[in-house]
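Below, chains carry the letters A, B, ... as their sequence lines are ordered, and counting in each starts from 1.
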There are 2 protein chains.
Amino acid sequence: MSGFAGVDVGGGGIRARIESGGEIAYGEDSAPLPRTEGRVDLDRLAARIASVVGDAARVPGRLDGMAVGVTGLPGLVREPEALWRPLGERFGLGTLVVAGDMVTTHVGALGFRPGVVVAAGTGVITLGTDLDRVWNQSDGWGHLLGDHGGGAWIGAQGLQAALRAHDGRAGGSPALLEHLTARFGHPLDLVALVYESGSPAHHLASFAPSVADAARAGDPVARGIWTEAGRQLGQTAVAAASGLDPVFSWGGRVFEAADLLMEPFQGTVRDLLPQARFTPPGGTSADGALALARAAADGGVRPRHPYLYVYAASRSRSAAAAAPPPPRTR
Amino acid sequence: MSGFAGVDVGGGGIRARIESGGEIAYGEDSAPLPRTEGRVDLDRLAARIASVVGDAARVPGRLDGMAVGVTGLPGLVREPEALWRPLGERFGLGTLVVAGDMVTTHVGALGFRPGVVVAAGTGVITLGTDLDRVWNQSDGWGHLLGDHGGGAWIGAQGLQAALRAHDGRAGGSPALLEHLTARFGHPLDLVALVYESGSPAHHLASFAPSVADAARAGDPVARGIWTEAGRQLGQTAVAAASGLDPVFSWGGRVFEAADLLMEPFQGTVRDLLPQARFTPPGGTSADGALALARAAADGGVRPRHPYLYVYAASRSRSAAAAAPPPPRTR
């Protein structure tokens, strides 16, 4: 017996869907993206993926294929083929797809149909594609340079508003300061946590649910942060739509707060592109990865540098050779 | 012959003023703040201070006193007394003052008079004090949680506007994208630099002069960033004014762009506090440190945890004992 695995690697953890003998198994962990000098550490990542997939219930010893959607590709992932050897050997894979998480989120949401999909988890990346000629990326620049409207952005805005209240500056939110104190203690304990950890975006994003709680309880500053997040995500979506039918979908944990986000998101898209249509996502990034794993085994997935790479056991050299050099630029 | 040294340690380098025999000598270096796991690395910092001060022209072998104003105190500096042994031994110091850079900037600007001083370099920290009973701090939370209107904030806003233009998102600035490309190359090279270095704030702040150039050339997005920076700094200043005569001054490299910043800064302060008065700074943070070094030798500087510590050779134990434990909270 064998099967397929789809894996989503986000800033806050790994989620896997494994299909075998007509049944679906699930696995996940919760930890920051492993990094070495800022880049994604692919050796440690391969070990975590092997552990999450290998420990999932009813997983056969061998898998026909796997697809991994990983945040930070392109940009912070060098040599995605470094996942092939450890995962290929561990599971006896026939094929491995390594893609940016915006690709797996796209396939999960729209199931190989053309359109624009906004992926908003810890970070934000948007892909408008027909998986053929058109590949429009928007945002995805990380918590210091972009990712506007994502979990780390929302959390940072919330923490900044809390500290404004602490200082007595304009624009502060006493309600968010209460949340900060309950979660982190004194502000200087938060400072130590955020700056001394190697994963500030993860800690910033961990405050986004508190900003949602405060918004639902009526705090106007917190509501304003979510409204602005929706507006930012809408602007990012529209920027990725050129050359495509204006079909929009979404994925990622930030969109779980649809009550706070969906109206400003869709309103902003419609303001900029009146003919826009919205399609609720058919599945998650892990579902999309599972679909890519299946399709790649049938030879139905074409590599696309720097978004999507395919490695195969019987022709791993030629597939690797077909891919351009490691992504430094796009 | 002996003398005094005042040292300013900022996010972008060290500046020293040494007074000996009625003459003033200068020294400086340009490098990010040395860090270990996010905290300021005081051993490496002491070595850099010893090098900058020791190499300055006409420095005697021995100094009566020194004062060091360091960014990140309180918050990212643990055990400020760790500077005492290496610097005390190297220069045969009688007294050493270690203070937050907002204290040295305050003394440099207002010369021991009460008031509010905004220090805006890579980061932003504002101190309203009479150096006696009133010690109001505002902002100083670092580039992820605050420092609104500082060099890293301005640079980050500029880079984000450049990347918006790159993506075709709303709010982008093609002029800033040209500056980005000229300075950093392709956006993915910037991503690598900012996330893979240990000093993101330093790299973000390095773009602030480009944002100033674009603003002066008429780019409306860049002008808006500087106007908002001034507004933020004004709000931060007013929050530190309670219990004091409303006298305001400033320091730090961001204020060198007075043509872009001063009007929105002073306008915001006046809107919130119509009786505000403004006093151009009498000197820099290094000048303030030099004044503190002299005053401490006369016994005229009182320690104030967690802003200001005094160590003395003849009574170093009692002075250290008079200071509370290392700052974890304030």
Side-chain angles (χ1 to χ4, degrees), chain A residues 35-39 72 74-76 78 126 136-146 148 152 156 159-160 162-164 166-172 185-192 194-198 200-201 203-204 231-232 234-236 238-240 242 268 272 306 327-330, chain B residues 35-39 72 74-76 126 136-146 148 152 156 159-160 162-164 166-172 185-198 200-201 203-204 231-232 234-236 238-240 242 268 272 306 327-330:
Chain A
R35 288 175 184 266
T36 299
E37 293 172 4
R39 277 177 266 174
L76 297 178
R78 304 286 164 76
T126 293
N136 304 327
Q137 184 190 325
S138 178
D139 208 345
W141 300 111
H143 68 286
L144 293 169
L145 298 171
H148 291 98
L159 292 168
Q160 290 173 15
L163 293 172
R164 283 177 185 274
H166 177 274
D167 292 347
R169 282 184 283 155
H186 189 278
L188 284 182
D189 296 325
L190 170 69
V191 166
V194 167
Y195 293 100
E196 295 176 15
S197 81
H203 291 294
L204 297 173
R231 217 170 64 89
Q232 295 287 339
Q235 292 175 355
T236 300
V238 169
S242 67
T268 300
L272 294 166
R328 275 289 301 179
T329 58
R330 64 189 157 117
Chain B
R35 288 175 185 263
T36 300
E37 293 172 5
R39 278 175 266 175
L76 298 178
T126 293
N136 303 327
Q137 184 190 325
S138 179
D139 209 343
W141 301 111
H143 67 287
L144 294 169
L145 299 170
H148 290 98
L159 292 168
Q160 290 172 14
L163 293 171
R164 284 175 185 276
H166 177 276
D167 292 345
R169 282 184 284 155
H186 189 277
L188 285 181
D189 296 325
L190 169 69
V191 165
L193 182 71
V194 167
Y195 292 101
E196 296 175 17
S197 80
H203 291 295
L204 297 174
R231 217 171 62 90
Q232 295 286 339
Q235 293 175 355
T236 299
V238 169
S242 66
T268 300
L272 294 166
R328 275 288 303 179
T329 58
R330 64 188 155 115

Quiz item: Which answer fits B:Arg164, side chain, backbone, both or neither, if we ask what part of it has an atom under 4.5 Å from a heavy atom of chain A?
Solution: side chain
Quiz item: Do the rings of B:His166 and A:Trp141 sit parallel, tilted or perpendicular, given the 30° and 60° boundaries?
Solution: perpendicular
Quiz item: Top residue by heavy-atom pair count (under 4.5 Å) with chain B, among A:Leu159, A:Asn136, A:Val238, A:Leu145?
Solution: A:Leu145
Quiz prompt | All side chain to side chain donor-acceptor pair (under 3.5 Å) counterparts of B:Gln160, not counting sequence neighbours | solution = A:His148
Practice problem: Pick whichever of B:Gly171, B:Gly168, B:Ser138 has the most heavy-atom pairs under 4.5 Å with chain A. | Solution: B:Ser138
Practice problem: Examine whether an atom of B:Leu204 lies under 4.5 Å from a heavy atom of chain A, and if so say whether it belongs to the side chain, the backbone or both; otherwise answer neither. | Solution: side chain
Quiz prompt | From CG (A:Leu144) to CG (B:Leu144), nearest 0.5 Å | solution = 6.0 Å
Exercise. Please report the C-alpha distance between B:Thr236 and A:Asp167 in whole Å, then the side-chain angles of each, then the deciding distance to 0.1 Å, and finally whether the side chain to side chain contact (heavy atoms under 4.5 Å, CB included) criterion is met.
Key: CA-CA 8 Å; B:Thr236 299; A:Asp167 292 347; 5.9 Å; no
